[in-house]
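First up is the structure itself, then whatever we jot down about it.
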Amino acid sequence: MKVPMLDIGAQRRRLGSGVDQALTAVLESGAFILGPEVSELEAQLAQRAGVGHAVSCGNGTDAIQLALMALGVGPGDAVFVPTFTFAATAEAVVLVGAEPIFVDVDADTFNIDPDDLVRAAEGYGGDARPRAVVAVDLFGVPADYDALRSIAAEDSWHLVADAAQSFGATAAGRPVGSLADITTTSFFPSKPLGCYGDGGALFTDSAEMNGLLRSLRVHGKGTDKYDNARIGMNSRLDTLQAAVLLEKLRIFDEELTARQRLAEAYNADLAEVVQCPHPSAGVRSAWAQYTIRLRSRDAVASALGACGVQTAVYYPLPLHRAGAYSAFPGSKRELPVADALSGDVLSLPLHPYLTPEQQAAVVRSLGLAMMAT
Ligand SMILES: *Cc1c(COP(=O)(O)O)cnc(C)c1O
């Protein structure tokens, strides 16, 4: 039996003709840039995120860059980021001219470790001035924003949430989007809420930030389109993608519930065999990934592949060891948890359209692979 990591085709069949009709309506309206579907989507996103404002943009990487630009982070500044994340988190920091300082992660949640954040700040030997923390909600689990907020407040650092993987998650009943000063997300097709191309959004309660972000995503426009008040970007969400997302939002809660149920089923079957993910009390993950830790990871992954079970390693190299980042002074510390994780994590297929038979095949194949290696 073939078990892929993702099944975008199954979701497409479930959505049916609604998507076709929504796309046709946009094609006929001709409002391809910032059409009415974009404002409607932003209103629905803001409501779901429990904040005053959602600002859509071109992708999740631009969203982080726009957040840092709106906060005035730039040359001479430093930004703390977890080293165990997708490259975009650190890349956005460098793109605004600032310097990343890499922080280790927690061995259970895989998210930025607040204690190591304090150590990173104390031990930083570079010349830049720390201005912000970009936490990441890895694999769908919100970072520890309560702890991060009190550390950030002491030094007046801004707190940004990179929620590219966690839109739809909650912590203590509060939705992702409302947990940090500014939250960013991505609608890349493989994210929990994905479109049919690139897309992203930002969330904030601040009317001032909302205005700045709307200016920055259109070349820093002032009140008049050709009066450029600041340097911005060209980063808008296509109306066609907004129309797709509006259709997908209709089934998003059911999809999140399906992901939760599948994760619980994996946990029940695999708890004795490997180290399973257990979100902390009060946290409801968006289950962007179901990631286990195990010895002989590479051998097990290839044995699973031979049985038709696709898996993925997120991430095989912590960013402080990646060529593009290794020269920054903020990459020079020992970050042992991330080093260990990059050697033993494995993400298994988990998406809302995984069938019970497919899930059983994953569990069976994993058991066999573990015995053989
Ligand atoms: C996917 C991802 C991004 C970037 O999103 P894009 O839409 O692909 O630009 C940023 N951060 C994290 C943690 C991600 O997983």
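Both ligands and their constituent atoms are indexed starting at 1 by order of listing.
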Task: Contacting atoms of ligand 1, where contact means under 4.0 angstrom from a heavy atom of Gln165 - done: 13 (C), 14 (C), 15 (O)
- [ ] Number the atoms of ligand 1 from 1 as they appear, then name those within less than 4.0 Å of a heavy atom of Ala88, with their elements.
- [x] 3 (C), 4 (C), 10 (C)
TODO: Using a strict cut-off of 4.0 Å, indicate which atoms of ligand 1 neighbour a heavy atom of Gly60.
DONE: 4 (C), 5 (O), 6 (P), 7 (O), 9 (O)
- [ ] Walk me through it: do Gln11 and Glu255 pass the test side chain to side chain donor-acceptor pair (under 3.5 Å)?
- [x] CA-CA 10 Å; Gln11 187 199 47; Glu255 291 188 336; 3.0 Å; yes
Open item on the list: If I apply the N/O under 3.5 Å rule, does Asp162 come out as touching ligand 1?
Closed with: yes
- [ ] Evaluate the criterion side chain to side chain donor-acceptor pair (under 3.5 Å) for residue pair Thr89 and Asp162; output intermediate values, then yes/no.
- [x] CA-CA 7 Å; Thr89 316; Asp162 174 357; 2.9 Å; yes
Task: Proximal atoms of ligand 1 relative to Ser186 (non-hydrogen, under 4.0 Å) - done: 5 (O), 6 (P), 7 (O)
Open item on the list: For atom 14 (C) of ligand 1, what's the nearest protein heavy-atom neighbour? Residue, atom name and distance, please.
Closed with: Lys191 NZ, 3.0 Å
- [ ] Decide whether Arg321 and Ser326 meet the rule of one side-chain donor and one side-chain acceptor closer than 3.5 Å.
- [x] no
- [ ] Would you tell me which option among Tyr315, Phe187, Phe188 has the nearest heavy-atom contact to atom 8 (O) of ligand 1?
- [x] Phe188
TODO: Between Thr85 and ligand 1, find which residue part has any heavy-atom pair under 4.0 Å and reply side chain, backbone, both or neither.
DONE: side chain
Open item on the list: For Arg217 and Glu42: C-alpha separation, side-chain torsions, deciding distance, then whether salt bridge (charged side-chain N to carboxylate O under 4.0 Å, His left out) applies.
Closed with: CA-CA 14 Å; Arg217 74 174 173 180; Glu42 289 177 340; 2.9 Å; yes
TODO: Compute the shortest N/O to N/O distance between Ala164 and ligand 1 and return yes if it is under 3.5 Å, no if not.
DONE: no
Task: Verdict with reasoning, Asp144 to Arg149, per salt bridge (charged side-chain N to carboxylate O under 4.0 Å, His left out) - done: CA-CA 9 Å; Asp144 185 354; Arg149 189 174 303 103; over 6 Å; no
Task: Donor-acceptor pair between Asp137 and Tyr145 side chains, under 3.5 angstrom - done: yes
Task: Protein heavy atom at shortest distance from atom 4 (C) of ligand 1 - done: Thr61 OG1, 3.5 Å
- [ ] Tell me, with the steps shown, if Asp344 and Arg293 meet salt bridge (charged side-chain N to carboxylate O under 4.0 Å, His left out).
- [x] CA-CA 5 Å; Asp344 67 14; Arg293 300 186 66 179; 2.9 Å; yes
TODO: Check each heavy atom of Asn59 against ligand 1 and say whether those closer than 4.0 Å belong to the side chain, the backbone, both or neither.
DONE: both
TODO: Check whether Leu138 and Tyr266 end up in the same hydrophobic cluster, where Ile, Leu, Val, Met, Phe, Trp and Tyr are linked by side-chain heavy atoms less than 4.5 Å apart.
DONE: yes
Task: Numbered atoms of ligand 1 (with element) below 4.0 Å of Val136, judged on heavy atoms - done: 13 (C)
